[in-house]
Undergrad: 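Below is a structure I'd like to ask you about.
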Amino acid sequence: MTTIDELVAAAGADVERGAVPACQVAAARDGDLLAFETFGDASDTTRFCIFSATKPIVASAIWLLLGDGSLDVDRPIADDLPELAGTPVGWVTLEQVLLHTAGFPSPTISARDAISSSRRLDRIATWTLEWEPGSRFEYHSESAHWVLAALIERVSGLDFRDFVEQRVCAPLGLPRVLGLGPDDQEDIALLVPASADAETDPTLRFNTPEIRAVGNPGGGAFMTAADLARFYQALLTNPDGLWDAAVLRDATSVVHCDFDDPLMGIPANRSRGLVLAGDDGMHTLRYAIFGHACSPGSFGHAGAHGQVAWADPATGISFAYLANSVDTDPMRPGTRASRLASLASALAP
């Protein structure tokens, strides 16, 4: 078993030895924080870019629309976005987009085009398929969630960033996390290259106020580790029935994609928005998300440069770790995140 003090000390030691300039670590259980500590050049109110740990938050907005019948996982995208009728993306289903089996993993949308819903759709209409949808898994770093954002806007009538704030964050007592205006960018941890070869890393664009304001749905949310751990507590407890119970249960427990992940060489174990630990004994290899003691029912998501968050229904624990080091060697942040996740997964009852 691990103590809270051991978990917190391990996170602090990484800052002390210069592995990261700043970090936050948080663990929660039964709706309450067990621990929340900040180290380095940051405070407890400092928000970090959570990169791809953004994806489940946006997916959770889709779950709301699935629950009320506004969306259907089996419908082609063009049924809701007729502008895409006749385009390759238009034939892809919502299910395939959620599972990263849609066949268009590579496209991105520039900040210039991202500021306008119509321009985003214009760009999506030009995308081509790299392989047959539904035939394999390949991580869609940004593309899939731009399509999800367009669907949210079309069926809700709200800007996707406002929908996430009003329908997900506000009911959970969380602040706005996507699309931060100029007056809402105080106390954000600047990303710091870990070495000279990281000085041109594309993720450093999230240091730019204009990029933060865009609210990239695949990786541009900003929040504290405490708020991220609270979000995962909500996925465990579904406060006030925010999500349809069947939709949430499916998203947090049912593997819909078990194609091999070409990057990791193991089954992807993807639900409609999350990575599931699974019972194959390979959970610690799934993007360094899960700790060694996480149960097979655990679910979560990682972000670039070692950001990680998960929840374990067996223990009721949720965990989040965020740092601001940009490292071109994925092994270093992955090893760091895995070590801390393992300590959190073994917290004493």
Side-chain angles (χ1 to χ4, degrees), residues 51-67 70-81 84 87-108 124 127-152 155 160 216-219 235 243-244 246-280 282-283 285-287 289-290 296-303 309-310:
F51 298 116
S52 285
T54 304
K55 287 179 168 68
I57 299 174
V58 173
S60 78
I62 293 288
W63 305 338
L64 291 173
L65 298 170
L66 290 172
S70 298
L71 290 172
D72 185 320
V73 291
D74 295 321
R75 277 207 303 259
I77 297 302
D79 282 13
D80 294 293
L81 297 168
L84 299 180
T87 71
V89 172
W91 298 104
V92 175
T93 66
L94 173 56
E95 172 98 327
Q96 291 163 343
V97 175
L98 287 166
L99 298 180
H100 299 260
T101 64
F104 49 88
S106 303
T108 60
I124 293 171
W127 293 354
T128 58
L129 298 179
E130 299 169 44
W131 30 267
E132 181 183 353
S135 66
R136 55 175 289 192
F137 169 91
E138 186 173 333
Y139 188 61
H140 290 47
S141 179
E142 296 186 19
S143 54
H145 285 67
W146 280 120
V147 174
L148 296 183
L151 287 169
I152 290 169
V155 302
F160 77 90
N216 186 310
L235 298 187
W243 294 280
D244 176 86
V247 172
L248 181 62
R249 183 169 57 252
D250 178 90
T252 57
S253 65
V254 179
V255 172
H256 288 276
C257 173
D258 60 1
F259 289 124
D260 276 358
D261 181 332
L263 179 63
M264 308 304 293
I266 60 175
N269 269 35
R270 287 273 172 172
S271 77
R272 293 170 178 155
L274 292 159
V275 180
L276 307 185
D279 60 2
D280 57 6
M282 294 185 282
H283 58 289
L285 301 179
R286 292 192 167 97
Y287 295 96
I289 299 167
F290 304 107
S298 300
F299 53 84
H301 210 284
W310 51 256

Undergrad: Does Trp127 have any ring pair (Phe, Tyr, Trp, His ring centres under 6.0 Å) partners at least two apart in sequence or in another chain, and if so, which?
TA: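 Applying ring pair (Phe, Tyr, Trp, His ring centres under 6.0 Å) to Trp127 gives Phe104.
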Undergrad: Only counting residues at least two apart or in another chain, list the ones meeting side-chain contact (heavy atoms from CB on, under 4.5 Å) with Ile266.
TA: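 Scan of Ile266 (side-chain contact (heavy atoms from CB on, under 4.5 Å), adjacent residues dropped) gives Met264, Met282, Leu285, Arg286.
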Undergrad: Side chain to side chain donor-acceptor pair (under 3.5 Å) with Ser141: which residues, sequence neighbours excluded?
TA: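 Ser141 satisfies side chain to side chain donor-acceptor pair (under 3.5 Å) with no residue once adjacent residues are dropped.
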Undergrad: How far apart are the C-alpha atoms of Leu274 and Thr252, what are their side-chain angles, what is the distance that settles it, and do they pass the side chain to side chain contact (heavy atoms under 4.5 Å, CB included) test?
TA: CA-CA 7 Å; Leu274 292 159; Thr252 57; 3.9 Å; yes
Undergrad: Going by side-chain contact (heavy atoms from CB on, under 4.5 Å), name the residues that satisfy it together with Ala61, two or more places apart in sequence or in a different chain.
TA: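 Checked Ala61 against side-chain contact (heavy atoms from CB on, under 4.5 Å); matches are Ile152, Phe163, Val164, Val168.
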Undergrad: Does Arg272 have any salt bridge (Lys or Arg N to Asp or Glu O under 4.0 Å) partners at least two apart in sequence or in another chain, and if so, which?
TA: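 By the salt bridge (Lys or Arg N to Asp or Glu O under 4.0 Å) rule, Arg272 matches Glu95, Asp250.
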Undergrad: So, using side-chain contact (heavy atoms from CB on, under 4.5 Å) as the criterion, who are the partners of Thr128 when residues are at least two apart?
TA: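 Per chain and number, Thr128 pairs via side-chain contact (heavy atoms from CB on, under 4.5 Å) with no residue.
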Undergrad: Looking at residues at least two apart in the chain, or sitting in another chain, which of them share a side chain to side chain donor-acceptor pair (under 3.5 Å) with Thr108?
TA: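 None.
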Undergrad: Any pair with a residue in residues 127-148 that passes salt bridge (Lys or Arg N to Asp or Glu O under 4.0 Å), sequence neighbours left out, goes on the list, sorted by first then second residue, please.
TA: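 Qualifying pairs, neighbours excluded: Arg136-Glu138, Glu142-Arg205.
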Undergrad: Who are the side chain to side chain donor-acceptor pair (under 3.5 Å) partners of His140, not counting sequence neighbours?
TA: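 His140 satisfies side chain to side chain donor-acceptor pair (under 3.5 Å) with no residue once adjacent residues are dropped.
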Undergrad: Test of understanding: with salt bridge (Lys or Arg N to Asp or Glu O under 4.0 Å), list the residues that count as partners of Arg75, not counting sequence neighbours.
TA: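 Counting only residues at least two positions away or on another chain, Arg75 forms a salt bridge (Lys or Arg N to Asp or Glu O under 4.0 Å) with Asp80.
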Undergrad: With sequence neighbours left out, what residues match Asp244 under side chain to side chain donor-acceptor pair (under 3.5 Å)?
TA: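 Counting only residues at least two positions away or on another chain, Asp244 forms no side chain to side chain donor-acceptor pair (under 3.5 Å).
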Undergrad: Return the set of residues passing salt bridge (Lys or Arg N to Asp or Glu O under 4.0 Å) with Asp258 (not counting sequence neighbours), or none when no residue passes.
TA: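 Salt bridge (Lys or Arg N to Asp or Glu O under 4.0 Å) check on Asp258 returns nothing, list empty.
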Undergrad: Ignoring hydrogens and angles, state whether a donor on the side chain of Ser52 or Tyr139 is under 3.5 Å from an acceptor on the partner side chain.
TA: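 Their side chains do contain a donor-acceptor pair, which is all the 3.5 Å distance test asks for.
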Undergrad: Return the CZ to CG distance between Phe160 and Leu148, rounded to the nearest 0.5 Å.
TA: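 Here the rounded value is 10.5 Å.
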